[in-house]
Amino acid sequence: MLKTQDLGYWYQTANEPLFQNVNLTFDVGKSYAILGHSGTGKTTFLSLIAGLDKPKTGEILLEDRSLKQIGLTNYRRHDVAIVFQAYNLFTYMSPLDNLLTAMAITNAKHAGDKAYARQILKDLGIADDQLTRNVQHLSGGQQQRVAIARTMACDAQLVVADEPTGNLDEDNTRAVIAQFQKIAHEQHKCVIIVTHEPDVAAQCDHQFRLENKRFKQLA
Amino acid sequence: MNFCKRAWLNVWAKKGRSILLILVSAAILMFVLAGLLIRSAAIKATDQAKADVGATVTLSANRQAAFKKMQSSSSSSSSKSSRPKMTLTPVKLSDATKIAALSNVGSYNVTSSTSVNAKSYDTVSTSTGMGSGNSGGPGGMKSTTSSGDTAITGVSATSLTSDFSDKQSKIVKGRGITTADKNTNHVVIEKDLASQNDLSVGDTIKVKETSGSKSTVSLKVVGIYKASSTSASSAGPMSTDPANTMYTSYTLANTFKGSKYQGTADSVVFNVTTPSKVSSVKTAGKKLINTSKYALSTDDSSYQTVKSSMASVESFANKIVWLVAIAGTIILALIVILMIRERRFEIGVLLSLGEARWKIVAQFFTEMVMVLVVALAIAGAGGKFVGNQLGSQLVSQTATTTQTTSSSSNQPGGGGQNGGQPSGQMGHGGPGSTSSSSTQQAKTKLAITVSAVDLAELGGFGLAITFLSIMIASGGILRLEPKKVLIS
Ligand SMILES: Nc1ncnc2c1ncn2[C@@H]1O[C@H](COP(=O)(O)OP(=O)(O)OP(=O)(O)O)[C@@H](O)[C@H]1O
Ligand SMILES: [Mg+2]
């Protein structure tokens with residue numbers, strides 16, 4: 001579904017590339033974990049996959065169409081959903097409005113369907129009375145679940161997450177990973193998770209390690 | 001439109017910030033509204049003055065030319081002991097009818113003044129102890145006709161004279177002189193004279209001519225008028241009591257003056273129906289007359305005074321509007337720039353979801369419009385108050401200016417009069433006398449009202465200010481890179 005072709009990236013300030021000649025393939029119905037030491041360029045790689053930045057060399061292809069052709073804004077709206085370590089919710093909205101807003105912006109199949117959005121949030125363990133209260137009243141784990149619910153409510157086939165469990169305790173981590181597995185296996189989406197926790201990575205279908213400017217697939 | 005919903009959610013969730021924005025916008029709009037209100041009130045006042053004052057063109061003897069002639073003759077005949085005299089040619093009525101036929105000229109009033117001596121009644125003596133009239137002509141300007149104790153103002157119709165149209169003199173019994181009184185001996189006398197001599201409408205009085213055959217003439221009283229007290233004071237100490245002025249048809253006044261005054265007048269005042277056409281009437285009229293002997297002058301001085309003072313109020317109001325609008329735009333733009341900085345994260349999330357940048361700008365604009373609507377209501381209430389304060393301040397300054405201007409315009413008062421008249425007449429002929437300027441002031445009060453049109457205009461200004469400030473600030477949104485905001 002998603003392919004990187006000779007992908008390379010470096011920051012203007014650095015004198016050598018973070019990674020080069022990256023050729024990876026990601027498929028729907030599967031979950032992928034990307035491991036690596038701090039500062040190796042995992043987040044940078046993810047931002048390219050998420051369409052937040054342009055690669056320096058090579059290309060990213062979605063169903064054989066390059067992101068350049070699709071257009072980054074268009075790609076972000078229709079093809080990719082992003083979950084960050086810092087949740088990235090609209091702080092002035094309730095969990096329900098966060099979902100409805102994202103569904104409206106991405107023009108999702110279920111856009112405007114309040115019952116659908118409610119159900120997703122409930123499935124992720126957000127209580128009824130919390131659905132319409134400001135999202136900032138929720139705990140970190142709950143907020144991350146709202147962010148995950150947002151990717152589920154939208155139609156994007158690709159879900160990328162940057163250390164989604166970084167701020168969570170063990171129980172929340174387990175619940176969040178289980179949700180991502182569900183998204184991959186039940187919603188038939190492609191899930192790519194950057195993490196430095198081996199336990200989290202182990203639960204994914206495939207694991208890559210970014211090391212010495214290359215991605216190595218782990219057995 | 002999802003951005004409208006987002007705008008509403010944001011304005012509602014951040015009430016404190018919204019209220020602050022409302023107050024700032026309301027303050028800006030209030031000053032814009034005050035400026036708009038003063039401006040529209042000034043325009044209204046000018047229009048009102050235009051309608052009230054109307055405009056006139058006066059045909060009279062060319063005093064300037066006559067004065068020059070007098071000077072040149074005095075230098076050539078310096079040996080003579082008698083002082084040179086200024087001869088003013090009476091206006092020909094045939095010229096007047098030609099001018100009256102011009103377009104934009106409405107009614108016209110012929111004035112011919114002279115004096116006679118009382119025969120069957122006693123004149124009213126002034127409290128200043130000047131005796132019963134006979135004070136003589138103005139110093140140095142002795143004329144062939146000697147002066148009588150009763151001033152005769154011959155007119156086409158009393159209603160056309162400025163004294164009566166300005167309501168300074170009023171008919172209290174009977175009627176005024178009308179054009180139908182032409183060639184009759186009908187007379188309108190003053191109330192004090194009437195009561196002193198026990199005269200009423202229908203009575204006959206006798207006067208003696210001061211020139212020619214000096215014969216006695218019978219006049220029929222058709223009306224009694226009340227002269228205003230102001231004309232007494234403006235007449236000055238040199239004059240007879242204003243009660244000794246009688247109004248007749250100009251034809252009768254000409255008869256008193258003598259046969260050579262037939263078909264003439266001291267002056268003719270034409271009412272111009274459209275005030276803006278005054279100068280074109282004047283130009284056209286000058287082509288019809290002998291300008292070396294006659295002058296055609298305009299008397300829209302009081303209108304001009306109101307117009308110029310209101311024009312300065314208007315331009316001041318315009319300056320307020322624009323200064324506040326520009327300052328308001330800058331202030332709002334700065335606030336919006338700060339607001340956008342504070343909301344970088346939210347903008348980043350929106351961009352990561354694939355929201356179009358213009359829709360993010362539209363969201364901010366919608367939020368500001370929501371704020372604007374509330375601010376507009378507050379400004380509508382407060383702007384009237386600010387406008388009233390500013391307006392009365394401006395008018396009290398303007399009124400002082402009006403006073404000075406009109407009192408100085410009084411100096412050539414008494415223009416267009418024939419030589420040998422009792423100086424009591426001086427107060428009447430002068431255009432724009434002091435008393436009329438005081439009535440003018442009352443009319444130039446600024447009426448500050450907030451109309452729907454004003455609010456619509458204010459809304460327009462508010463929208464423009466908001467739009468501009470958002471445009472200035474939106475550079476930040478358009479340049480924002482979501483990666484920089486979200487990944488750090
Ligand atoms: N905007 C930037 N400009 C210049 N250098 C940057 C920028 N962002 C990141 N870097 C550098 O690029 C390298 C890779 O950063 P990146 O955030 O991708 O690492 P990471 O693998 O996600 O690390 P971590 O596990 O700590 O999150 C780092 O050395 C970092 O200092
Ligand atoms: Mg990282």
Side-chain angles (χ1 to χ4, degrees), chain A residues 9 11 41-48 50-54 70-94 96-108 111-112 132-136 147 150-151 153-154 156 160 162-163 194, chain B residues 1-22 336 338-371 474 477-488:
Chain A
Y9 193 93
Y11 287 101
K42 303 184 296 294
T43 299
T44 306
F45 175 76
L46 208 65
S47 72
L48 298 179
L52 295 172
D53 204 351
K54 289 178 208 131
I70 297 168
L72 287 189
T73 300
N74 204 19
Y75 173 74
R76 289 201 296 263
R77 189 180 307 156
H78 294 123
D79 304 308
V80 68
I82 314 168
V83 179
F84 295 91
Q85 187 171 0
Y87 327 132
N88 287 3
L89 298 170
F90 295 110
T91 53
Y92 56 89
M93 292 184 194
S94 66
L96 191 60
D97 280 327
N98 261 285
L99 258 64
L100 291 170
T101 298
M103 287 156 81
I105 291 173
T106 60
N107 210 1
T132 50
R133 254 198 293 156
N134 188 289
V135 78
Q136 283 175 306
R150 183 171 67 187
T151 69
C154 297
V160 299
D162 190 10
E163 307 200 28
V194 165
Chain B
M1 287 280 108
N2 185 255
F3 65 81
C4 292
K5 191 188 168 194
R6 291 203 306 265
W8 167 246
L9 286 173
N10 194 283
V11 167
W12 188 246
K14 305 202 171 155
K15 290 186 195 71
R17 194 197 60 195
S18 300
I19 288 167
L20 224 72
L21 274 174
I22 285 169
V336 175
L338 287 177
M339 201 170 82
I340 286 173
R341 269 171 183 274
E342 174 212 326
R343 291 169 67 177
R344 280 158 54 92
F345 182 76
E346 174 196 345
I347 297 166
V349 177
L350 284 169
L351 288 172
S352 78
L353 282 169
E355 181 65 311
R357 284 170 200 264
W358 74 264
K359 280 189 184 169
I360 299 173
V361 176
Q363 177 190 341
F364 281 81
F365 183 65
T366 310
E367 284 175 22
M368 289 304 288
V369 169
M370 287 172 182
V371 161
S474 67
I477 297 174
L478 298 177
R479 270 185 282 107
L480 196 81
E481 283 302 326
K483 187 188 169 195
K484 289 210 179 80
V485 185
L486 299 174
I487 302 162
S488 53

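Just so we're on the same page: letters track the sequence lines, and every chain starts at 1. Side chains included, hydrogens not; waters and symmetry mates left out as well; all remaining heavy atoms used.
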Self-check item: Proximity breakdown for A:Asp97 and chain B, heavy-atom pairs closer than 4.5 Å
Solution: side chain
Self-check item: Contact winner vs chain A - B:Ser352, B:Gly354, B:Pro482, B:Ala356, heavy-atom pairs under 4.5 Å
Solution: B:Gly354
Quiz item: Passes salt bridge (Lys or Arg N to Asp or Glu O under 4.0 Å), B:Arg343 versus B:Glu367? Steps please.
Solution: CA-CA 13 Å; B:Arg343 291 169 67 177; B:Glu367 284 175 22; 2.7 Å; yes
Quiz item: Side chain, backbone, both or neither: which part of B:Asn10 has a non-hydrogen atom closer than 4.5 Å to chain A?
Solution: both
Self-check item: Option in A:Ile82, A:Asp53, A:Thr106 with maximal non-hydrogen atom pairs under 4.5 Å from chain B
Solution: A:Asp53
Quiz item: Crowded around B:Arg344 CZ? As in, over 12 foreign heavy atoms under 6.0 Å?
Solution: no
Practice problem: Kindly say whether B:Cys4 contributes a backbone atom to a donor-acceptor pair with the side chain of B:Thr366 at under 3.5 angstrom? | Solution: no
Quiz item: Once the angle between the rings of A:Tyr11 and A:Tyr9 is folded into 0 to 90°, is it parallel (under 30°), tilted (30 to 60°) or perpendicular (over 60°)?
Solution: perpendicular
Quiz prompt | Heavy-atom contact with chain B under 4.5 Å, split by part of A:Leu89 | solution = backbone
Self-check item: Sidechain-backbone polar pair: B:Arg357 side chain, B:Ser474 backbone, donor-acceptor under 3.5 Å
Solution: no
Quiz item: So is B:Lys14 actually on top of B:Trp12's ring, under 6.0 Å and inside 45° of the axis?
Solution: no
Quiz item: Who among B:Leu353, B:Leu351, B:Leu350 has the most heavy-atom pairs with chain A under 4.5 Å?
Solution: B:Leu353
Quiz item: Under a 4.5 Å heavy-atom cutoff, which of A:Thr44, A:Leu100, A:Asn88 has the most pairs with chain B?
Solution: A:Asn88
Quiz prompt | B:Lys359 versus chain A, the contacting section by heavy-atom distance below 4.5 Å | solution = neither
